[in-house]
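Structure first, commentary second.
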Amino acid sequence: MLPEFRIVAHHSPEYDEGLVLRRGVLREPLGLVYTLDQVDAEREELHMVAVFDGEVVACASLADLGRRVAKMRQVAVKLELQGSGIGAALVRFFEDTARARGFARIALHARQSAVPFYEHLGYHTFGPIFEEVGLPHLRMEKNLS
């Protein structure tokens with residue numbers, strides 16, 4: 001059974017739950033934390049969560065890069081649910097939301113380990129491998145039209 005997908009406000013209780021999830025999945029394993037400035041900088045982004053049985057189990061943020069390009073950021077799925085299809089469903093919700101808001105393309109920075117996941121969903125890599133948060137990443141994109 002898939003969770004319910006929602007758009008939530010910055011600093012809403014569900015956003016804050018997603019932030020805790022992101023911290024545990026994306027930052028703490030690398031010895032990193034979110035600064036108050038980083039969290040505050042997300043104020044203008046669109047935040048999406050997946051809620052299952054009253055708990056945020058996945059999240060992602062959409063940043064407007066201009067020229068009808070949305071950047072998919074901070075994608076996280078609860079560790080024990082990875083591989084269950086929730087991440088793919090979240091990406092489809094993200095794409096549908098972006099398309100409905102007039103975006104024509106999605107761009108993202110994928111950790112090298114996540115590239116096969118995004119390729120399976122129709123994203124393509126471009127450019128060289130680069131380092132971000134101490135890990136190798138690749139730029140990826142998908143046209144929504």
Side-chain angles (χ1 to χ4, degrees), residues 1-67 69-99 101 103 105-144:
M1 185 169 157
L2 287 177
E4 178 187 347
F5 296 96
R6 303 177 189 161
I7 296 170
V8 299
H10 187 262
H11 276 311
S12 67
E14 290 169 322
Y15 168 87
D16 291 342
E17 271 190 71
L19 187 60
V20 170
L21 174 65
R22 288 167 30 199
R23 185 172 46 236
V25 171
L26 301 174
R27 295 296 172 122
E28 287 174 354
L30 303 175
L32 301 172
V33 296
Y34 288 104
T35 66
L36 292 176
D37 287 341
Q38 288 171 322
V39 173
D40 193 50
E42 294 180 351
R43 185 169 305 284
E44 299 304 316
E45 295 179 9
L46 187 67
H47 304 285
M48 300 171 210
V49 297
V51 179
F52 185 76
D53 204 19
E55 177 187 9
V56 172
V57 296
C59 58
S61 295
L62 182 156
D64 185 345
L65 298 181
R67 297 187 197 149
V69 179
K71 183 173 184 183
M72 188 184 311
R73 302 184 62 254
Q74 302 297 306
V75 178
V77 176
K78 194 171 179 181
L79 289 175
E80 57 267 27
L81 295 175
Q82 291 180 5
S84 70
I86 289 173
L90 175 65
V91 170
R92 285 190 295 276
F93 178 75
F94 186 102
E95 292 170 355
D96 291 345
T97 300
R99 193 178 292 109
R101 290 172 180 261
F103 291 98
R105 189 167 36 119
I106 295 174
L108 61 93
H109 293 174
R111 292 179 180 194
Q112 194 170 20
S113 61
V115 166
F117 167 78
Y118 289 109
E119 285 177 330
H120 180 73
L121 296 171
Y123 289 78
H124 302 281
T125 61
F126 68 95
I129 294 173
F130 64 97
E131 188 175 301
E132 191 170 83
V133 295
L135 294 174
H137 280 69
L138 282 159
R139 288 174 180 83
M140 300 189 82
E141 287 188 350
K142 181 178 183 179
N143 288 325
L144 295 176

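What you see is a predicted model; the values in this text were computed from it and never measured.
At distances below 3.5 Å, not a single donor-acceptor pair connects side-chain atoms of E45 with backbone N or O atoms of E42.
Across every non-hydrogen atom of R27 and V33, the tightest pair is NH1-O, 3.7 Å. Contact detail for P116 and S113: the closest heavy-atom pair is CD-O, 3.7 Å. Of all non-hydrogen atoms in H10 and V39, the two that sit nearest each other are NE2-O, 2.8 Å.
Side-chain contact between E44 and D64 is absent, with no heavy-atom pair separated by less than 4.5 Å. Contact annotation: the side chain of Y118 never approaches that of L138 to less than 4.5 Å [non-hydrogen atoms, C-beta and beyond]. Taking 4.5 Å as the limit, every side-chain heavy atom of V49 sits out of range of all side-chain heavy atoms of E17. V8 has its side chain out of reach of M48: every pair of non-hydrogen atoms, C-beta onward, lies at least 4.5 Å apart.
Put simply, CZ on R43 and NE2 on H11 are 5.5 Å apart, with the number rounded to the nearest 0.5 Å. In this structure, CG on L21 lies 7.5 Å from CG on L26, to the nearest 0.5 angstrom. Between the CZ atom of F94 and the CG atom of L108 there is a distance of 8.5 Å, given to the nearest 0.5 Å.
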Set out, in order, the CA-CA distance, both residues' side-chain angles and the distance that settles side chain to side chain contact (heavy atoms under 4.5 Å, CB included) for V25 and V77, then state yes or no.
CA-CA 7 Å; V25 171; V77 176; over 6 Å; no

Tell me, with the steps shown, if Q74 and L19 meet side chain to side chain contact (heavy atoms under 4.5 Å, CB included).
CA-CA 9 Å; Q74 302 297 306; L19 187 60; over 6 Å; no

For residues 51-62, which side-chain donor-acceptor pairs fall under 3.5 Å, sequence neighbours excluded?
unit_1	atom_1	unit_2	atom_2	d
E55	OE1	K78	NZ	3.2
E55	OE2	K78	NZ	2.6
S61	OG	H47	ND1	2.9

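Residue pairs meeting the side-chain hydrogen bond (donor to acceptor under 3.5 Å, both in side chains) criterion with at least one partner in residues 121-144, sequence neighbours excluded, are E95-Y123, E95-K142, R105-E141, H109-E132.
Under the ring-ring contact (aromatic ring centres under 6.0 Å, His included) criterion, F5 pairs with F93, not counting sequence neighbours.
Cation-pi geometry between R23 and Y34 is not met: the NZ or CZ atom fails to fall both under 6.0 Å from the ring centre and inside 45° of the normal.
The number of heavy atoms from other shown groups lying within 6.0 Å of CG (L30) is above 12.
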